[in-house]
Amino acid sequence: MAMKIIKNHVRSISLPSRSHPSTAAIEESLDKYLITMNTKTVTSSESVNSSLVGLEDLYECTEECLKMRSTRNVLSFNAERKKMKGEFMEEMLDGSLKLMDICNAARDLMVETHEHVLGLQIFARRRQDVDFSDYVGFRKNMKKEARKLLGSLKHINVGLVMRDNDLDQDRDVHFFAVNHAMKRVVSMTVSALKSFLEFLSGRQNGNDIRSKFALVLMKKKFHDYGKIVKNELEDVDSAISGDSCPQEELHKKLEDLEVCTGRFEKSLEGLFRRLIRTRTSLLNIISQ
């Protein structure tokens, strides 16, 4: 894509602005996250990974907010607007469970990829003929699973807009602020996981005619395009699908992929743990 087209904008939820001290840290962290993500001009393993790493700060702020007594009270089912708040909590719990499942499945894919790459590296170091059939089959299944998980992301309901008669912003300002902040966090999580899964499936480079044409233009404009838009998975795919690939070049590509998958595995593990903690905090509020 051309530089402006390939820019992966992260959209925030558009809701009326109404702040509250309890959510100030979340909103500030969200704004910083958006600024960082929207300044990424290209899609690479590093940019995708940074979007996952950035989520940990968001969830840390979310956990701190949910630990506050004022937040626990305003989300309690014993408080006013029991039905409305119950629906919100149910929505958050359902969304967190789906995100945990997707994150866990994505992490498992990285663990399997790492194991396959280590096996290929052993043969490459011994300068033996490498049988790529198992890896090729795994990559095919990975892309299929990534597309399946992308479909699951679409079913996460973040209820971005509330009906006017459901909420009195003056009377429910605290609840509105928590509602707004948490749904923004969910939206950012969906966006980051979407970028990661598109990276696995190769979709981030675009499949439509306009995207492909933009990529051609960018390749002509930037001589170091391969370094700017880097996908280590596709680099190895290209190396093993060609007629021949120098052994040293293959070894370097496998090393790059090993580092890449290691980063992703660590980031997804961190995100998964944060999702568990946030879900636990929500369940504690319900049970109080």
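Arg147 approaches Ser201 most closely through the heavy-atom pair CG-CB, 4.4 Å. In terms of heavy atoms, Cys260 sits closest to Glu232 at SG-OE1, 3.6 Å. Ile26 approaches Ala181 most closely through the heavy-atom pair CG2-CB, 3.9 Å. Across all non-hydrogen atoms, the minimal contact from Leu200 to Arg139 is O-NH1, 3.0 Å. In this structure, Leu153 and Val190 approach most closely via the heavy-atom pair CD1-O, 3.8 Å. Heavy atoms only, all atoms of each residue included: Gly270 and Glu56 are closest at CA-OE2, 3.7 Å.
For residues 256-288, every residue pair satisfying the ring-ring contact (aromatic ring centres under 6.0 Å, His included) rule, not counting sequence neighbours, is listed here: Phe196-Phe264, Phe199-Phe264. Within the structure, the ring-ring contact (aromatic ring centres under 6.0 Å, His included) test picks out the following pairs touching residues 86-106 (sequence neighbours left out): Phe88-Phe175.
Considering OG1 of Thr278 and CE of Met182, their distance stands at 7.0 Å, rounded to 0.5 Å. Between atom OG of residue Ser267 and atom CG of residue Asn49 there is a gap of 3.5 Å, rounded to the nearest 0.5 Å. Atom CG in Leu120 sits 7.0 Å away from atom CD1 in Ile240 (nearest 0.5 Å). We find the OG-CG distance between Ser44 and Asn231 to be 9.5 Å, quoted to the nearest 0.5 Å. Between Ser241 atom OG and Phe132 atom CZ the span is 10.0 Å, to the nearest 0.5 Å. Rounded to the nearest 0.5 Å, atoms CG (Asn73) and CE (Met68) are 12.5 Å apart.
In this structure the side chain of Leu257 never reaches within 4.5 angstrom of the side chain of Asp235, judged on heavy atoms. Residues Ser50 and Thr36 have side chains not in contact (no heavy-atom distance under 4.5 Å, counting atoms from C-beta outward). For the pair Ile286/Leu93, a side-chain contact is recorded, criterion being any heavy-atom separation below 4.5 Å from C-beta on. By the 4.5 Å heavy-atom criterion applied to side chains, Leu66 and Leu75 are counted as neighbours. A heavy-atom distance below 4.5 Å is not found between the side chains of Asn104 and Leu268. Between Leu55 and Val185, the closest side-chain pair of non-hydrogen atoms is not below 4.5 Å.
The backbone N or O of Ile276 sits less than 3.5 Å from a side-chain atom of Thr280, completing a donor-acceptor pair. Ser76 places no side-chain N or O within donor-acceptor distance of the main-chain N or O of Arg72, the cut-off being under 3.5 Å. In this structure a side-chain-to-backbone donor-acceptor pair under 3.5 Å is missing from Ser191 to Met188.
Put simply, Val53 and Ile102 are part of two different groups of oily side chains (I, L, V, M, F, W, Y) that touch within less than 4.5 Å, one to the next. Clustering ILVMFWY residues whenever any of their side-chain heavy atoms sit less than 4.5 angstrom apart, transitively, puts Leu197 in a cluster other than the one holding Leu97.
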message: Apply side-chain contact (heavy atoms from CB on, under 4.5 Å) to residues Thr23 and Thr71 and explain how you reach the verdict.
response: CA-CA 9 Å; Thr23 60; Thr71 302; over 6 Å; no
message: Walk me through whether Arg277 and Glu60 qualify under salt bridge (Lys or Arg N to Asp or Glu O under 4.0 Å).
response: CA-CA 9 Å; Arg277 291 174 187 171; Glu60 182 177 356; over 6 Å; no
task: Starting from the C-alpha separation in whole Å, work towards a yes-or-no answer on salt bridge (Lys or Arg N to Asp or Glu O under 4.0 Å) for Glu248 and Lys252.
output: CA-CA 6 Å; Glu248 289 185 2; Lys252 178 62 170 63; over 6 Å; no
task: With side-chain contact (heavy atoms from CB on, under 4.5 Å) as the test, would you mind laying out the steps for Arg279 and Met92 before giving the verdict?
output: CA-CA 8 Å; Arg279 180 175 175 78; Met92 289 296 102; over 6 Å; no
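Here Ser287 pairs with nothing under the side chain to side chain donor-acceptor pair (under 3.5 Å) rule; sequence neighbours left out. Residues passing the side chain to side chain donor-acceptor pair (under 3.5 Å) test with Ser29, sequence neighbours excluded: none. Residues passing the side chain to side chain donor-acceptor pair (under 3.5 Å) test with Tyr59 are Thr189, sequence neighbours excluded.
Ionic pairing of Glu63 and Lys67 is not present here: no N-O contact between side-chain nitrogen and carboxylate oxygen is shorter than 4.0 angstrom. Between Asp237 and Lys140, no side-chain nitrogen of the basic residue sits less than 4.0 Å from a carboxylate oxygen of the acidic one, so the salt-bridge criterion is not met. Comment: Glu269 engages Arg273 in a salt bridge, judged by a side-chain N to carboxylate O separation of less than 4.0 angstrom.
No donor-acceptor contact under 3.5 angstrom links the side chains of Glu255 and Gln121, judged on distance only.
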Pair up each side-chain donor or acceptor in residues 108-118 with any protein partner under 3.5 Å, not counting sequence neighbours, and list the distances.
unit_1: Thr113; atom_1: OG1; unit_2: Leu109; atom_2: O; d: 2.7

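For the salt bridge (Lys or Arg N to Asp or Glu O under 4.0 Å) with Glu91, the qualifying choice from Lys85, Lys183, Lys98 is Lys183, the only one to do so.
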